[in-house]
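Below, chains carry the letters A, B, ... as their sequence lines are ordered, and counting in each starts from 1.
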Amino acid sequence: MSDEDFDTFLGKALVPPEREPDRRFVAVIQARIALEDQLAAQRRLALSTLAKQGLALLAVAAGLAWLAQAGPVRSFLGNESGLGLLVLLAAFAFLVVLMSPGAAAPSLTRRFGKA
Amino acid sequence: MQNANDEDLALSRRAAEGDGAAFAMLVEKHERPLRAFLSRMAGPELADDIAQEAFVKAWRAAAQYDGRARYSTWLTRIAWRCRLDELRKSKPREFDVAPAAQEPGERMAVNDMLARLSEKERAALVLCDGHGWTHAEAAELLAMPLGTLKSTIARAKEKCRAMWSGDEP
C-alpha cells in the first residue's frame with residue numbers, strides 16, 4: 001500500500017461511524033441535568049436556611065448580651081457580669097440544641113434501629 | 001455550515017434560558033461525533049462518562065457560547081478538558097483499551113495503532129483526518145502552534161504507517 005493509499009485508508013477509518021442519534025443517551029443526559037438542577041436547588045435552599053438560622057442565632061445572642069448589660073441584671077450579678085453572659089449563652093445554646101427539629105430523634109433511630 | 005451554526009447558537013441561547021428540549025436537540029445532533037472522538041481517545045467505556053460530563057458542563061455554560069466557533073468545536077473543547085481532568089486523576093493510565101499484543105509484521109487494527117500514539121498525536125490525527133477539523137481549530141484545542149500541530153499529525157501518520165507495515169518494533 002502506498003503512503004497516499006494508507007493516508008486515505010486511515011482517514012476513512014477515523015471518520016465517525018454513521019448511525020441514528022442515540023435517544024437513550026439523550027435521555028440519560030436529560031435525567032442527569034434534571035438531577036443536578038434538583039441538587040443545586042437543594043443546596044441553595046440549605047444555604048439560605050443556614051444563613052437565616054445563623055442570623056437569627058446572632059440576633060438572639062446579641063439580645064442576650066444586651067440583656068446582660070442591663071442595669072438590674074448587672075446589679076444582680078454584681079462583678080460577675082461576664083460569667084452571667086456566659087451562663088445565659090450556654091443556657092441559650094442548650095435550648096437551641098434541645099428544640100432544633102430532628103436534632104435528637106434521627107440519631108436515636110440510627111443508634112437503636114427501627115422498631 | 002453557517003446555517004447549522006446559527007441554528008446551534010439559537011438552540012444554545014434557548015438552553016441558556018432553561019429550555020431542556022432545545023438542549024436535547026443539541027445533544028442529539030452532536031453526541032455521535034463527540035462520542036466517536038472520545039472513544040478513540042479514551043476507549044468506548046470511559047468515552048460515555050466523559051461525554052456525559054461534557055454535556056452537563058455545556059448545559060451549565062450554555063450562556064457562554066457566542067457562536068464565534070462551531071458548536072461542535074466549543075463542545076469538544078469542554079470534553080477535551082474533561083478528558084485531561086480524567087487523565088490527571090487516573091495517571092499513568094493513558095488509553096483504556098490496551099493495544100493488542102502484536103506479532104512482528106502482523107497488521108494492526110486502527111485502534112491498536114492509535115493506542116500507541118501519544119494523547120496529542122491521537123487527538124490531532126483523529127480530529128483533522130477523521131472529523132474534518134481545520135488545523136487551526138485543532139491547534140487551538142490542543143494549545144499548540146499551528147506548525148507544531150502539522151508536524152504532530154505528520155509524525156502520527158508516520159508512526160501509524162510504520163506500525164501498519166510492521167516496521168515498528
Output the residues of residues 21-34 of chain A for which the shortest heavy-atom distance to chain B is under 4.5 Å, in residue-number order; output 'none' if no such residue exists. Pro21(A), Asp22(A), Arg23(A), Phe25(A), Val26(A), Val28(A), Ile29(A), Gln30(A), Arg32(A), Ile33(A)
Taking all atoms of both residues into account, what is the closest heavy-atom pair of Phe6(A) and Lys157(B), and its distance? CE2-O, 4.1 Å
If you measure from CZ on Arg161(B) to CG on Asp3(A), what distance do you get to the nearest 0.5 Å? 4.0 Å
Treating Ile, Leu, Val, Met, Phe, Trp and Tyr as nodes and any side-chain heavy-atom pair under 4.5 angstrom as an edge, say whether Phe9(A) and Met163(B) lie in one connected cluster. yes
Toward chain A, the part of Phe23(B) with a non-hydrogen atom under 4.5 Å: side chain
Does CD belonging to Glu36(A) count more than 12 external heavy atoms closer than 6.0 Å? yes
Within a reach of under 6.0 Å around CE of Met144(B), are more than 12 heavy atoms found that belong to other residues, nucleotides or ligands? yes
Report, as yes or no, whether the 6.0 Å neighbourhood of atom CZ on Arg13(B) holds more than 12 heavy atoms from other residues, nucleotides or ligands. no
Please flag which part of Leu125(B) lies under 4.5 Å from any non-hydrogen atom of chain A: side chain, backbone, both or neither. both
Presence of salt bridge, Glu31(B) and Arg19(A), under 4.0 angstrom: yes
Smallest separation among heavy atoms of Ala36(B) and Pro16(A), with atom names: CB-CB, 3.6 Å
Grouping I, L, V, M, F, W and Y whenever their side-chain heavy atoms are under 4.5 Å apart, do Leu114(B) and Leu84(B) come out in a common cluster? yes
Show your reasoning for whether side chain to side chain contact (heavy atoms under 4.5 Å, CB included) applies to Asp7(A) and Asp129(B). CA-CA 9 Å; Asp7(A) 286 354; Asp129(B) 275 37; 5.5 Å; no
When hydrophobic residues are tied together by side-chain contacts of less than 4.5 Å, even through go-betweens, does Ile153(B) share a cluster with Val15(A)? no
Taking atom CD as the centre, does Gln42(A) end up with more than 12 heavy-atom neighbours from other residues, nucleotides or ligands that are less than 6.0 angstrom away? yes
